[in-house]
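Note on naming: letters A, B, ... go to the chains in the order of the sequence lines (proteins, then strands), and numbering restarts at 1 for each one.
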Amino acid sequence: MKSFTIKKLYTLHSWVGIVTGILLFVIAFTGAVSVFGRPEIKVWANPEVRQAAEIKPQSLEQLIVQHVSDIPESFREEINIFLPRARTFTNLTVVFEDHDNGQAIVKTFHNQSLQLLSTRTGSVRELFETRETDIADFIVDFHADLHLGSPLGLLLTGLLGLTLTVSIITGFFIHRKKLRNLFTFRWKKSFDVSLADFHKVLGVWGLLFNGVIAFTGAFLGLATVILIPAAAFVTFNGDQEKLVEMFVTTPEPIMANEFASTKVAKPLAHAQSYDEDMRLELISIYGFEDKNAKVYISGVGSDKVSAQTLSYEGSSGNFTEAFGRFGKLEGVSPVILDLMFPLHFGNFGGPLVKLIWTLLGLTTALLPISGMMLWLHRGEKSSTSNFSASTYSNVKRLVIGACGGVVFATAVLFPAQLVAWSTTPQLSSSVLFGIIFFGSWLLSIVLAFCIKNTGLSSKLMAYSTAVTLLCVPFLNVLTTGDDIFSLFLLKQWETAITDLTLFTLGVLIIFTTKRVSNKSSLEPVGNDNSDKGIGNA
Amino acid sequence: MLDNMTDSMTIVAAIIMQCVAIWVLVKNSQAQRSKLRWVIAIIATVLSFLFFSLTYGILAGAVIAISMLSLLGIAFSLLSNSLSA
Amino acid sequence: MSSRRTTFNHIKMRHFAACLISLVTVTVMIPGMSTYLPLSTPDKIGLPIFLFLFLWAVFFIYSYLAKNVWHPLLVMSLLLVSHLTLSILALQ
């Protein structure tokens with residue numbers, strides 16, 4: 001490739017990185033945390049459901065039959081049973097939907113005793129939007145749309161997936177000695193050489209992962225905002241619902257209007273033994289107590305990677321088939337669509353895959369930050385800089401404040417969750433988390449601009465984050481009475497491991513901050529220009 | 001696919017294979033390159049994929065093997081250099 | 001910004017082509033492509049959606065790399081007009 005083209009690609013790579021870097025860090029970091037959001041952090045955040053509960057199929061069937069008799073017949077059209085501690089809901093939740101009037105009844109039950117805890121009525125959207133949120137919902141929703149909603153938030157995160165693709169492609173072409181970059185990390189050289197090596201090691205090794213995350217992230221962000229409306233424009237005359245219906249592989253049956261009891265226990269018992277690795281999330285029943293009723297049970301974590309749906313005849317409870325969410329449709333697109341979700345969420349292979357996704361997600365977050373720091377460092381030292389020293393200084397403060405701030409703000413949410421759970425605050429949980437999260441973030445940015453020494457502000461932010469994380473297990477003991485040792489003994493794995501991880505992270509942050517600040521203080525005065533990077537492009 | 005104990009042991013074996021593959025590649029990048037090391041790296045990578053596939057199935061096994069390799073690659077690159085420095 | 005000025009000419013036009021025209025073009029191409037792709041209905045809808053992401057990246061990079069800024073603008077305009085016409089014809 002011509003050197004002038006390489007220079008153009010360098011410039012493009014650096015400018016795309018600088019413009020989108022902070023936002024990319026924010027999205028990637030919260031994404032890495034979100035991998036364990038549901039159900040692990042969600043279970044940790046709700047002490048009343050920390051103890052695992054196994055719901056017996058027969059008890060569930062009795063429960064549904066009992067409660068169906070209390071509600072109008074129109075609400076039997078669709079019944080969705082969200083199994084506890086699986087995804088969105090911590091308690092066993094049953095949603096009875098009346099499609100004609102767009103109304104729903106949501107009943108929540110105690111996981112062990114199956115006693116009715118609450119009943120809410122309203123439109124499906126309204127009920128979903130007004131549900132009680134916790135730290136897991138807050139972080140996952142922030143990662144999805146930055147709490148800006150649709151279309152603005154989704155458009156932003158979707159476009160960020162596109163710009164990440166551009167960064168990957170340009171980065172691939174400008175770093176020609178990829179094999180050498182795989183193992184080159186000159187720790188003892190100057191700060192910018194170490195940083196450049198670090199950036200390349202993360203970029204080259206993470207190439208495939210970042211590519212997949214960019215592609216799936218862009219799709220998930222833009223699907224409802226641009227892609228589906230555009231696709232429905234010609235094929236379905238703009239009717240998006242018809243397009244979505246075409247891709248739905250769990251159709252509602254045509255009612256026979258003939259009574260037949262609907263089996264729930266038999267399908268559930270079959271699903272529980274169908275694939276031991278599969279984590280069941282949802283049971284959908286269409287046409288309850290109709291002869292043609294259908295029961296679908298879906299879950300994640302099977303060998304097929306994609307989420308699987310098991311189909312049953314409602315009246316007999318007989319298993320008919322298993323398929324991916326879109327797998328029954330012909331063509332390549334349904335296969336890609338089926339893989340899109342698990343490859344983005346990392347929810348297809350248990351805790352090990354989640355751990356890999358979180359760690360690789362953190363490396364994705366470190367890519368833009370190392371690139372930006374490199375650009376700033378070289379710009380500050382260069383005698384022919386494009387910008388004034390104060391511009392570089394202000395950008396550096398913004399990077400430290402915004403990126404360090406979002407880490408600190410996320411850490412603060414953990415103790416905030418425990419305090420909110422134990423004190424029943426006046427504000428709704430989403431407003432409270434919003435104030436705490438955005439307040440801490442804003443405070444970090446302001447501090448980064450107020451403290452003259454950027455090294456000091458970085459250290460302050462790192463130590464504040466570390467101390468906050470170290471406090472969490474102790475605060476957990478104070479507010480809920482659960483300590484790490486008893487949590488392990490009681491096999492409350494999600495809670496025990498969350499506490500332990502947060503504590504370990506606190507220790508690691510202190511250790512790394514000390515090591516990095518020692519290295520910075522020993523930095524040689526000379527400048528090693530042997531490796532020119534994006535800053536010099 | 002396998003029982004829990006065998007599952008865990010197979011995963012550990014797969015991770016060890018990947019560590020071997022990357023360590024050999026690290027050596028190849030630091031010292032004079034040798035064909036034997038390349039062969040060992042390829043065999044170890046294939047074995048790790050097989051082990052992962054035994055536990056998670058072929059498709060999931062392949063995805064996990066590639067992502068695990070990326071992660072271990074980053075860890076080895078950073079640690080081997082910074083610890084030896 | 002001097003570096004960018006020397007690297008890229010007509011920088012404002014390139015920004016316009018890369019950020020706006022490319023996005024409009026690939027969006028219009030989604031329904032347009034579904035009119036002529038000889039595939040099953042799910043693929044006719046799905047593949048243009050998946051290609052959207054790659055095509056945008058290609059157009060974005062091409063807008064900056066092209067020697068003459070009019071080249072990407074011309075290519076994208078042609079694709080935009082042709083796919084828009086195909087979509088309108090299909091609707092009629």
Side-chain angles (χ1 to χ4, degrees), chain A residues 1 4-5 7-16 155 158-159 161-170 173 214-219 222-223 226-238 243 246-247 326 328-337 340 384-387 535-537, chain C residues 1-9 11 14-15 18-19 22-67 83-92:
Chain A
M1 204 178 279
F4 189 59
T5 310
K7 191 188 174 192
K8 277 182 173 177
L9 286 170
Y10 254 123
T11 314
L12 197 55
H13 184 77
S14 57
W15 277 102
V16 170
L155 197 65
L159 289 177
L162 294 181
T163 55
L164 178 58
T165 312
V166 169
S167 295
I168 292 167
I169 296 171
T170 50
F173 285 111
F215 179 69
T216 52
F219 173 81
L222 298 176
I226 293 180
L227 306 177
I228 292 176
F233 185 67
V234 168
T235 324
F236 296 94
N237 278 326
L243 185 144
M246 198 195 83
F247 280 89
F326 307 101
K328 276 172 80 179
L329 297 162
E330 57 174 324
V332 189
S333 315
V335 180
I336 302 174
L337 271 175
M340 201 82 92
T384 55
S385 295
N386 298 325
F387 300 101
N536 293 348
Chain C
M1 292 277 208
S2 58
S3 153
R4 269 199 310 160
R5 280 195 199 111
T6 51
T7 314
F8 300 115
N9 54 12
I11 192 70
R14 284 182 194 276
H15 286 330
C19 301
S22 66
L23 201 61
V24 174
T25 306
V26 285
T27 307
V28 170
M29 280 176 79
I30 295 177
M33 280 167 87
S34 66
T35 60
Y36 59 80
L37 284 176
L39 302 164
S40 62
T41 316
D43 277 349
K44 264 188 190 177
I45 297 164
L47 285 183
I49 286 179
F50 302 136
L51 282 175
F52 172 96
L53 312 167
F54 296 111
L55 285 175
W56 183 83
V58 169
F59 288 149
F60 183 89
I61 295 170
Y62 180 46
S63 302
Y64 286 106
L65 288 196
K67 265 188 187 172
H83 283 82
L84 196 62
T85 312
L86 283 170
S87 302
I88 291 167
L89 285 174
L91 278 173
Q92 284 172 348

At their closest point, which heavy atom of [X] faces which heavy atom of [Y], and how far apart are they?
{"X": "C:Leu65", "Y": "A:Lys8", "result": "O-NZ, 3.0 Å"}
{"X": "C:Ile61", "Y": "A:Val166", "result": "CG1-CG1, 4.1 Å"}
{"X": "A:Phe233", "Y": "C:Ser87", "result": "CE2-CB, 4.4 Å"}
{"X": "A:Phe219", "Y": "C:Leu53", "result": "N-CD2, 4.2 Å"}
{"X": "C:Asp43", "Y": "A:Pro334", "result": "OD1-CD, 4.0 Å"}

Chain A contact via C:Thr35 - side chain, backbone, both or neither, heavy atoms under 4.5 Å | side chain

Whatever's closer than 4.5 Å to a heavy atom in chain A on C:Pro48 counts as neither

Go through the atoms of [X] and report whether side chain, backbone, both or neither lie under 4.5 Å from a heavy atom of chain C.
{"X": "A:Leu227", "value": "both"}
{"X": "A:Ile168", "value": "neither"}
{"X": "A:Ile169", "value": "side chain"}

Which distance, rounded to the nearest 0.5 Å, do you find between the [atom1] of [X] and the [atom2] of [Y]?
{"X": "C:Ile49", "Y": "A:Ile228", "atom1": "CD1", "atom2": "CD1", "answer": "6.5 Å"}
{"X": "A:Trp15", "Y": "C:Tyr64", "atom1": "CH2", "atom2": "OH", "answer": "11.0 Å"}
{"X": "A:Thr163", "Y": "C:Trp56", "atom1": "OG1", "atom2": "CH2", "answer": "6.0 Å"}
{"X": "C:Leu23", "Y": "A:Ile226", "atom1": "CG", "atom2": "CD1", "answer": "5.0 Å"}

Looking at C:Leu39, C:Ile45, C:Leu47, which one forms a side chain to side chain contact (heavy atoms under 4.5 Å, CB included) with A:Ser333?
-> C:Leu47

Kindly determine whether C:Phe50 and A:Val332 satisfy side-chain contact (heavy atoms from CB on, under 4.5 Å), including the steps that lead there.
-> CA-CA 11 Å; C:Phe50 302 136; A:Val332 189; over 6 Å; no

Indicate yes or no: at least one non-hydrogen side-chain atom of C:Phe60 is less than 4.5 angstrom from one of A:Leu162.
-> no

Side-chain heavy atoms of C:Lys44 within contact of A:Thr235, under 4.5 Å = no

If you count heavy-atom pairs under 4.5 Å with chain A, which of C:Ser40, C:Pro31, C:Gly46 comes out on top?
-> C:Pro31

Answer with yes or no after comparing the ring centroid distance for C:Phe54 and A:Phe215 against a 6.0 Å cut-off, counting only values under it.
-> yes

